Student: 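So that we are looking at the same thing, I have put the structure below in structure tokens.
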Amino acid sequence: MAFAHGPPSPATLKKFHASHIPQPPHTTGARLPGFRTRIDPQQIPSVTEIADRDREEWLPPSVWSSQPDTRAPMATTEYSAIDHGNSTPKFIRVSSWNLPATPKLAANCRLPMVAIIQPFAEPEPCIDQEGVNRNEVPVINTGESGPMRCSTCRAYINPSVVWIDGGTKWMCNLCRGLTKVPPESFSNLDVNGLRLDQFQRPELFRGTVDFVVPKDYWASHPPQKLTMPYFSPMPLPTGPREPRPLNYVFAFDVSHESIQSGFLAAACENVPDGIEPCFPPASEVAILTFDNTLHYYDLSSDAVSMLIMPDLDEVYLPLLEGLFVNPTERRPTIETLLSTLPGRYANNLNVEAAMGSAIRGCLAALSGRGGHLIIYQSTMPTTGAGAVMGNRNEQALRETDDEKKLYVPRNDTWPVIADECASEGVGVTMFLGHAKFIDVGSIGCVSTLTGGDIFFHPRFEPERDGPIMESELRRVVTRMTGYNCIMRVRTSTGVRIQDIYGSFSRSTPEELTFPVYDADKAIALSMERSANGSTRDFAHIQSALLYTSVEGERRVRVCNLSLPVVELAGNVFQYADQDALVGYLAKEAAVKIAAEKMGQIRENLSEDCIGPLVGYREWCSAAAPSSQLVLPDTLRTLPVMVLGILKSKVLKPHTVAPDVRSFYAHRFLTMGARSLLRHLYPQFTALHDLTPTACFPDETGRFQVPSPLRCSHYFMTADGIYLIDNEEATMLWIGVTVSPQLLLDLFGVDDIHKIDTRMHELPVLDTLFSAQVRNLLMHRQTERGRRVRFNVIDFSDMLVEDENNHNLDYPSYLTKIHKAVSNAVRPD
């Protein structure tokens, strides 16, 4: 455990452990069969201690350099990095920064070769002496000729290519093919074989760059079909699609449930403040409402007219002029319309909301241009395209071979709608504010396959969820975003890509299609060593994301990574990266819940944890006795992180509603490494133990984050106040014997029974303790870019190391893993 005042004395530690609260009695867990040896939790690997050491190692002025043979900081650590020709771990993170030289070595290690790629990640700024941010991704305009590319494999020019024949040709580092240098790009070489203009061309010394690309790289309009479920008055365009600024359509469910819950009023209140300050000057917005009919609005005049489209099967766009307007120029008109919508539909008794038809109505408006659809839905779509009826029979299907049916669309129209959106370059983000089952398994596939988000607000309450929804919308429109995106990942000879997981659809086996893609999204992929490699060479990975910026410029974001090739298993494990491996395993599990039996997924996940540990025992510590648990330093906390996946709402058995499981599966597929790891092992803080300087900036302006606790009741006392944050919710726990002064300083009352447990945010009080806790909450909100729910509630199910969620506690799970490893390495 990490203490704010430094390491405790043995006497203090003994007293501390003696006063810990008991295991919460209502938490259902699982027991390891047979005789149980008591294991002191203090003696097993700690996520928080390792994270603390890593954070201290990379405090300023330490700077990580993207050179080979360097250990990467953890994904949860804030650090400064300099790009020296390799993309930093913010963009690409691999399960080992040393790649096995042979397929045999890779098989012996049993460490999956995986990568987490987040092309639009927001790296920590690195300001040099001249005040320039060295981590800002350079934008390179090479004119009509476009960037130099390999004539064989079409890889992009990068710092690892080799210049030959006096600089007239270059050898591709991926396929070894030769490509002639265009005359306008020629430069002489120095005595080291490097171009004289190398440091004037960022693509030759930076691992991550943006190229502005010419017309040949424009997106294409989808081919015309014989039958279309939506129509526009304009003829469907063909050929290349000219880049233009990103346009948005806001679609609002105005059914009875949306009105009664206050969901519509909250959405209409949030949109004007959430979008206008953040929009590029040329972007435009349109507004649509729907129940069992579709309603379009002409925003070009102050007297907004509404056009009703009753046909839900063949949706027709009734107007062109006035549908899209600039939100800055027409802000008063938009505000007036949105403020009147809740009153206009106040007496609407229609309980149906044709969500599928509404999406197609928005596609009719965005056809030929692409864009982003943001739709607000409060009830299950029981009419129109993709209509679904009734609840899923979850009780009969749980823990059976057919449980996977709970997490796939019940109506085949929804994948079709997703494909239509992908073809038109339209991403779909959903805000769900529902009181009952809404069937995320069906409707959610549209967001998952188009690169959009799902924001989940069950049992919607305007006071609690309205401000959260506004911050989510603000994050959607302010983060780095591209649309009409196509991604391709290339690897060097001898390394082959196998599986890829994320929120995308496939246009070809090699290309991933993202109608929208943003800074919060990441993909995970696995690789295999298909041929022997030389230790004198490097293995290379290059991801290229072709996209249109929100300003309307066509670009390609290229991320490059060069990895040393090694012949010894010890070198592979020495530079293993647990964060990449855990991220991949979580995304893989999220995909498989719709295809495999849940019990088998859980079993396979534990096997994936056991595999690398067996490989390490066999090839790096064979002399250790089988009774001794031996873990590689770089994978010391892999078992508890895998336990976190098993206890997540994606995989935990029995008690998770299908909507909730489907939502979290979507979140796993989209999350970057840092967010995902913090969700699996939440940040847990003892607020009553804060030092006077904690949660304030230090002399350098850096926020002083308090040391976290391990996620177990074993480290909690009845006189404490604890905060836990898993990136989706923030919860506060108050001990029954807490000091009245602490309560007075934080809540303004000195009696625990007077605390409003339904509060959604802390009161603002003029006390040090109040300022510290509110600063900590704001710091975490700033890190993730949005607010999350805040509750004063029991959070025992989030204590990963405890016996809960129908799973073992951490010591028991570690014992189980140890036995499996010992059995695997024991000689016959």
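The figures here come from the full heavy-atom set of this structure, side chains too, leaving out hydrogens, waters and symmetry mates. The shown structure was predicted, so the numbers you read here are calculated from the model rather than taken from an experiment.
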Student: Ala522 and Lys587: which non-hydrogen atoms are nearest, and at how many Å?
Tutor: O-NZ, 3.4 Å

Student: Sequence neighbours excluded, which residues qualify as side chain to side chain contact (heavy atoms under 4.5 Å, CB included) partners of Glu607?
Tutor: Ile610

Student: Gln578 and Thr637: side chain to side chain donor-acceptor pair (under 3.5 Å), yes or no, with the steps?
Tutor: CA-CA 8 Å; Gln578 176 182 294; Thr637 56; 2.7 Å; yes

Student: Do Asp577 and Arg93 touch side chain to side chain, with heavy atoms closer than 4.5 Å?
Tutor: yes

Student: Less than 3.5 Å apart, any donor N or O on the side chain of Ser87 or Thr208 sitting next to an acceptor on the other?
Tutor: yes

Student: Holding to side chain to side chain contact (heavy atoms under 4.5 Å, CB included), I want the full list of residues that pass it with Val705, two or more places apart in sequence or in another chain.
Tutor: Arg55, Phe703, His779

Student: Heavy atoms, side chains only, cut-off 4.5 Å: are Thr493 and Leu174 in contact?
Tutor: no

Student: Please name all residues satisfying ring-ring contact (aromatic ring centres under 6.0 Å, His included) with Tyr575, sequence neighbours left out, ordered by chain then number.
Tutor: none

Student: Does this structure show an ion pair linking Glu727 with Arg784, if we count only N-O contacts that are shorter than 4.0 Å?
Tutor: yes

Student: Apply side chain to side chain donor-acceptor pair (under 3.5 Å) to the pair Glu728 and Tyr664, showing each step before the final yes or no.
Tutor: CA-CA 10 Å; Glu728 294 297 321; Tyr664 279 98; 5.0 Å; no

Student: Working to the nearest 0.5 angstrom, can you tell me the gap between Glu783 CD and Glu78 CD?
Tutor: 4.5 Å

Student: Between Lys521 and Asp453, does any NZ, NE, NH1 or NH2 come within less than 4.0 Å of an OD or OE carboxylate oxygen?
Tutor: yes

Student: Around atom CZ of Arg71, are there more than 12 heavy atoms of other residues, nucleotides or ligands at under 6.0 Å?
Tutor: yes

Student: Check step by step if side chain to side chain donor-acceptor pair (under 3.5 Å) holds for Ser606 and Tyr813.
Tutor: CA-CA 10 Å; Ser606 290; Tyr813 187 71; 2.8 Å; yes

Student: Does any part of the side chain of Leu814, heavy atoms only, come nearer than 4.5 Å to the side chain of Pro639, both counted from C-beta?
Tutor: yes

Student: Between Met74 and Asp54, which heavy-atom pair has the shortest distance, and what is it?
Tutor: N-OD2, 3.0 Å

Student: Anything under 30° is parallel, anything over 60° is perpendicular, the rest tilted; go ahead and classify Phe663 against Phe456.
Tutor: parallel

Student: Please say whether more than 12 non-hydrogen atoms of neighbouring residues, nucleotides or ligands are located less than 6.0 Å from NZ in Lys816.
Tutor: no

Student: With a 4.5 Å limit on heavy-atom distance, are the side chains of Leu676 and Phe668 in contact?
Tutor: yes

Student: Where do Met598 and Val650 come nearest, in terms of heavy atoms and distance?
Tutor: CE-O, 3.4 Å

Student: Indicate the ring-plane relationship of Phe538 and His540, choosing parallel, tilted or perpendicular according to the 30° and 60° boundaries.
Tutor: tilted

Student: Do the side chains of Lys592 and Glu588 get close enough for a salt bridge, i.e. N-O under 4.0 angstrom?
Tutor: yes

Student: Check whether more than 12 heavy atoms from other residues, nucleotides or ligands sit under 6.0 Å from atom CH2 of Trp58, and answer yes or no.
Tutor: yes

Student: Between Asn805 and Lys647, is a side chain to side chain donor-acceptor pair (under 3.5 Å) present by the stated rule, with each step listed?
Tutor: CA-CA 6 Å; Asn805 293 299; Lys647 292 186 176 185; over 6 Å; no

Student: Under a 4.0 Å N-O cut-off, is there an ion pair linking Asp537 with Arg176?
Tutor: yes

Student: Considering all heavy atoms of both residues, which atom of Leu545 and which atom of Pro119 are nearest to each other, and what is their separation?
Tutor: CD2-CB, 4.1 Å

Student: For atom NZ of Lys649, decide whether the heavy atoms of other residues, nucleotides or ligands shown that lie under 6.0 angstrom number more than 12.
Tutor: no

